[in-house]
Participant: 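Can you keep this structure in mind? I'll have questions shortly.
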Amino acid sequence: HDGRAVETQLGAFARLHLIAKKRAGKVSDEWLALAELSLNRAIAYFGTERELDTLRVSDIRGWITWLETFTTPRERRLGAGTIRHHLNALSNLYRRAQEAEIVLPGYNPVAALMEKPAGPRREARWIEIHDAALILEAARQLQPLGGTTLDAEAIERLRSEWEAGQFRSKRAAGRAY
């Protein structure tokens with residue numbers, strides 16, 4: 001590392017990783033918050049001072065087991081899909097560590113896992129193009145169900161006359177316009 005100070009411990013590098021993600025501007029604040037939560041859980045399990053190049057696949061398997069028994073503040077267990085997101089966050093951190101030459105190229109104990117938890121696969125909930133076209137055409141042909149055809153000037157005139165007390169009811173005001 002050419003004599004430069006390098007953060008090689010999980011806690012410190014996770015912080016730098018999240019800062020770099022934020023600066024890159026390619027992820028939302030919500031994504032960053034979830035990644036931070038996932039990495040904080042990794043830090044809780046492995047320890048803040050754990051050197052990145054000491055994590056092995058068996059350590060990751062242990063973390064998966066820990067995550068499977070983890071209970072959230074709302075007394076819920078993490079699902080397989082959520083655990084997969086945690087793994088992805090840690091794997092992404094290792095990609096940055098490779099780029100920063102903190103670990104050797106290709107060193108990623110998460111990526112080395114043969115079997116990873118995954119959320120249930122479901123058929124996508126979407127509408128076929130021809131069905132969408134039929135719905136849009138039907139909506140186009142519908143008569144308006146009320147509302148107004150008044151322009152902004154007429155609406156303002158109606159509002160001022162209403163406030164001046166020129167109408168006894170909203171129905172009377174509607175008939176006048």
Participant: Quick one: side-chain hydrogen bond (donor to acceptor under 3.5 Å, both in side chains) partners of Lys22, sequence neighbours excluded?
Facilitator: Asp29
Participant: What's the separation between atom CG in Leu37 and atom CG in Asn40, rounded to the nearest 0.5 Å?
Facilitator: 7.0 Å
Participant: Under the side-chain hydrogen bond (donor to acceptor under 3.5 Å, both in side chains) test, which residues partner Arg96, sequence neighbours left out?
Facilitator: His17
Participant: Would you kindly confirm whether Leu87 and Trp31 end up in one hydrophobic cluster when ILVMFWY residues are joined by side chain heavy atoms under 4.5 Å apart?
Facilitator: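 Cluster IDs for Leu87 and Trp31 match.
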Participant: Going only through I, L, V, M, F, W and Y residues with side-chain contacts under 4.5 Å, is there a path from Leu32 to Leu93?
Facilitator: yes
Participant: Tell me yes or no: between the side chains of Arg95 and Ser91, is some donor less than 3.5 Å from an acceptor?
Facilitator: no
Participant: OG1 of Thr54 to CZ of Phe46: how many Å apart, nearest 0.5 Å?
Facilitator: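 Here the rounded value is 9.0 Å.
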Participant: Would you give the length of the straight line joining atom CG of Leu39 to atom CG of Leu34, rounded to the nearest 0.5 angstrom?
Facilitator: 11.0 Å
Participant: Applying side chain to side chain contact (heavy atoms under 4.5 Å, CB included), can you list everything that pairs with Thr69, at least two apart in sequence or on another chain?
Facilitator: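 So Thr69 forms no side chain to side chain contact (heavy atoms under 4.5 Å, CB included) with any residue.
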Participant: Return the CG to NZ distance between Leu16 and Lys21, rounded to the nearest 0.5 Å.
Facilitator: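 Separation between the atoms: 14.0 Å.
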Participant: State plainly whether one hydrophobic cluster holds both Ile83 and Val57, where clusters connect Ile, Leu, Val, Met, Phe, Trp and Tyr through side-chain heavy atoms under 4.5 angstrom apart.
Facilitator: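 Shared cluster, yes.
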Participant: Does Glu153, at its CD atom, have more than 12 non-hydrogen atoms belonging to other residues, nucleotides or ligands within less than 6.0 Å?
Facilitator: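 At most 12 heavy atoms, drawn from other residues, nucleotides or ligands, come within 6.0 Å of this atom.
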Participant: Name the residue from Ile64, Leu67, Val110 that meets the side chain to side chain contact (heavy atoms under 4.5 Å, CB included) definition with His86.
Facilitator: Leu67
